[in-house]
Engineer: 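Can you read through this structure? Questions will come right after.
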Amino acid sequence: MFSIGDFARHGRVSVRMLRHYDAVGLLRPDRVDAATGYRYYEAARLARLNRIVALKDLGFTLEQVGRILDEKVDSAELRGMLTLRRAELEQRIAEDRARLVQVDTRLRIIEKEGLMPGQDVVVKSVPAVRVAELTGAAEGFEPRSIGPVIGPLFEELCRRLDRAGITPVGPAIAYYEQRSEGDGSVVVHAAMPVSAESDASQDFSIVDLPAVAQAATVVHRGSMDAVMEPWQALGRWVDENGYRSAGPAREVTLEFTEDPSGWVTELMEPITAG
């Protein structure tokens, strides 16, 4: 039988925490010395301690932990609960990391306000192009809304083109349109240039993107998580030079690598004289 100090050491918790678990009825000592009040624990109590700590670290309240343990959940069921909770926490962490990336991007934009160079902007015409495409919906234009939609769309489009025996003839094109319903949602288009005719048996659409007489363009290097900065710079250039937007903007993938830091994307904003 362990003293409370030794039990805390083996369980990798504090003595204060063990006293608290005793006070709330979560983990009673096996024996309390009547004369000294010292608490003693058997090694078998480590199993309950491990469950308490795991559940608590995964976000359950002590009241919830008590109910779970009192219902005598077996190891398999407990493992399933913990696995599910772990997945939820991992998803939350991923979302928080993505949010931090966007916060950093906006901070960089704020720091560079008034200093954005315009010499990298190129105005050019863009020819019409036939594309195979799939569409999806995103809640808004935020990268955290667009990213989870556009990536899977391109993966699925490539699989379907491969099944149909169609080889893309140009770089991938993403473009976005505001839905007409007014709820702020966005239609996401994942497109690949092709030289094929539309066929009723195809499980993707073939459409002709119109030519653009004038487009303000800039090249973005790196992950699309950081695309907000060049898009805002391009938007300011358009406004400051007396133009206005004239149709859905496009993102054309010039280079795609396993590492997103190696991506090269041309941003195209169709424009007309303001």
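Numbers for residues simply follow the sequence, beginning at 1. All heavy atoms count here, side chains included; hydrogens, waters and symmetry mates do not.
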Engineer: Are side-chain N/O atoms of S245 and E269 paired as donor and acceptor at under 3.5 Å?
Structural biologist: yes
Engineer: Out of curiosity, E177 CD to S185 OG, how far, rounded to the nearest 0.5 Å?
Structural biologist: 11.5 Å
Engineer: For the residue pair I206 and V131, establish whether any side-chain heavy-atom pair is separated by less than 4.5 Å.
Structural biologist: no
Engineer: Tell me whether R12 contacts the main-chain N or O of A8 through its side chain, where contact means a donor paired with an acceptor under 3.5 Å.
Structural biologist: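 Checked: no pair found.
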Engineer: Please report the closest heavy-atom contact between Q214 and V212, naming both atoms and the distance.
Structural biologist: O-CG1, 3.1 Å
Engineer: With a 4.5 Å limit on heavy-atom distance, are the side chains of L69 and R48 in contact?
Structural biologist: yes
Engineer: With a cut-off of under 6.0 Å to the ring centre and 45° to the axis, is R45 in cation-pi contact with F7?
Structural biologist: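 Geometry flag: not set, cation outside 6.0 Å or 45°.
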Engineer: I'd like to know whether R16 forms a side chain to side chain contact (heavy atoms under 4.5 Å, CB included) with Y21, so could you lay out the CA-CA distance, the side-chain angles of the two residues, the decisive distance to 0.1 Å, and finally the verdict.
Structural biologist: CA-CA 9 Å; R16 179 185 59 80; Y21 290 162; over 6 Å; no
Engineer: Under 4.5 Å between side-chain heavy atoms, hopping through other hydrophobics if needed: is there a path connecting Y175 to F154?
Structural biologist: no
Engineer: Relative to F204, does R160 satisfy both conditions: NZ or CZ under 6.0 angstrom from the six-membered ring centre, and within 45 degrees of the ring's axis?
Structural biologist: no
Engineer: How about CD on E139, more than 12 heavy atoms from neighbouring residues, nucleotides or ligands closer than 6.0 Å, or not?
Structural biologist: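 No - once you tally the heavy atoms of other residues, nucleotides and ligands closer than 6.0 Å, there are 12 at most.
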Engineer: Is there side-chain contact between E255 and W263, with heavy atoms separated by less than 4.5 Å?
Structural biologist: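 They are not in contact (no side-chain heavy atoms under 4.5 Å apart), so the answer is no.
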Engineer: Mark yes or no for whether D22, through its side chain, and R28, through its backbone, hold a donor-acceptor pair below 3.5 Å.
Structural biologist: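 No, because the side chain of D22 does not come within donor-acceptor range (under 3.5 Å) of the backbone of R28.
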Engineer: Does the pair R9/D6 count as a salt bridge with the N-to-O cut at 4.0 Å?
Structural biologist: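 Salt bridge between R9 and D6, a charged N being under 4.0 Å from a carboxylate O: yes.
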Engineer: Give me the atom names and distance for the closest heavy-atom approach of H220 to A226.
Structural biologist: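 Reported closest heavy-atom pair: CE1-O, 3.7 Å.
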Engineer: Are any of the side-chain nitrogens in D203 or R163 under 4.0 Å away from the carboxylate oxygens of its partner?
Structural biologist: yes
Engineer: With rounding to the nearest 0.5 angstrom, report the CD1 to CG distance, I52 to L26.
Structural biologist: 5.0 Å
Engineer: Are any non-hydrogen side-chain atoms of T265 and F256 less than 4.5 angstrom apart?
Structural biologist: no
Engineer: Does the side chain of V13 reach to within under 4.5 Å of the side chain of L49, using non-hydrogen atoms?
Structural biologist: yes
Engineer: Would you give the length of the straight line joining atom CG of D30 to atom CE of M1, rounded to the nearest 0.5 angstrom?
Structural biologist: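 Reported value, rounded in 0.5 Å steps: 5.0 Å.
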Engineer: Is any side-chain N of the basic residue among E90 and R86 closer than 4.0 Å to the acidic one's carboxylate O?
Structural biologist: yes
Engineer: Can you find a heavy atom in the side chain of T253 that is under 4.5 Å from one in the side chain of V264?
Structural biologist: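 T253 does not reach V264 side chain to side chain.
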Engineer: Give the minimum heavy-atom separation between S145 and G140, together with the two atoms involved.
Structural biologist: CB-O, 3.6 Å
Engineer: Using the rule that two of Ile, Leu, Val, Met, Phe, Trp, Tyr join whenever any of their side-chain heavy atoms come within less than 4.5 Å, decide whether M17 and L46 are in one cluster.
Structural biologist: yes
Engineer: Go through the steps for V238 and R244 under the test side chain to side chain contact (heavy atoms under 4.5 Å, CB included), then give the verdict.
Structural biologist: CA-CA 6 Å; V238 168; R244 58 184 175 84; 5.5 Å; no
Engineer: Could you check Q232 against W237 for side-chain hydrogen bond (donor to acceptor under 3.5 Å, both in side chains), going step by step and ending with a plain yes or no?
Structural biologist: CA-CA 9 Å; Q232 288 200 7; W237 185 94; over 6 Å; no
Engineer: Any donor-acceptor pair under 3.5 Å linking the side chain of Q91 with the backbone of E88?
Structural biologist: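 No, because the side chain of Q91 does not come within donor-acceptor range (under 3.5 Å) of the backbone of E88.
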Engineer: Checking side-chain polar atoms at under 3.5 Å, does D259 have a donor or acceptor matched by the opposite partner on T257?
Structural biologist: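 T257 and D259 do not have a side-chain donor-acceptor pair below 3.5 Å.
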Engineer: Can you measure from SG (C158) to CD1 (I166) and round to the nearest 0.5 angstrom?
Structural biologist: 12.0 Å
Engineer: Name the residue from V227, V252, T217 that meets the side-chain contact (heavy atoms from CB on, under 4.5 Å) definition with L267.
Structural biologist: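 Result for side-chain contact (heavy atoms from CB on, under 4.5 Å) with L267: V227.
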Engineer: Find out if a path of hydrophobic residues (ILVMFWY) with successive side-chain heavy-atom gaps under 4.5 Å connects L134 to Y176.
Structural biologist: yes
Engineer: Got M224 and I146 here, is their nearest side-chain heavy-atom distance under 4.5 Å?
Structural biologist: no
Engineer: For V129 and P193, work out which heavy atoms get closest and say how close.
Structural biologist: CG2-CB, 3.8 Å
Engineer: Enter the distance from S261:OG to R221:CZ here, rounded to the nearest 0.5 Å.
Structural biologist: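 Rounded to the nearest 0.5 Å, the OG-CZ separation comes to 12.0 Å.
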Engineer: Give the minimum heavy-atom separation between G170 and M192, together with the two atoms involved.
Structural biologist: O-CE, 4.2 Å
Engineer: Is Q64 close to L55 at the side-chain level, that is, under 4.5 Å between some pair of heavy atoms?
Structural biologist: no
Engineer: Side-chain heavy atoms under 4.5 angstrom apart, residues restricted to Ile, Leu, Val, Met, Phe, Trp, Tyr: same cluster for Y41 and Y38?
Structural biologist: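 No, it is not one cluster - the side chains of Y41 and Y38 are not joined through contacts under 4.5 Å.
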Engineer: Go through the steps for R39 and F2 under the test side chain to side chain contact (heavy atoms under 4.5 Å, CB included), then give the verdict.
Structural biologist: CA-CA 9 Å; R39 298 169 174 85; F2 296 116; over 6 Å; no
Engineer: Show the nearest heavy-atom pair for residues H189 and I150, with the distance to one decimal.
Structural biologist: O-CD1, 3.7 Å
Engineer: Check for me, please, whether V123 and L234 land in the same ILVMFWY cluster - side-chain distances under 4.5 Å, paths through other members count.
Structural biologist: yes
Engineer: Rounded to the nearest 0.5 Å, what separation is found between the CG atom of L161 and the CD atom of Q202?
Structural biologist: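 L161 atom CG to Q202 atom CD measures 8.5 Å (nearest 0.5 Å).
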Engineer: Where the side chain of N241 meets the backbone of Y243, is there a donor-acceptor pair that is under 3.5 Å apart?
Structural biologist: no
Engineer: Can V65 and E63 be said to form a side chain to side chain contact (heavy atoms under 4.5 Å, CB included), step by step?
Structural biologist: CA-CA 5 Å; V65 171; E63 182 181 356; over 6 Å; no
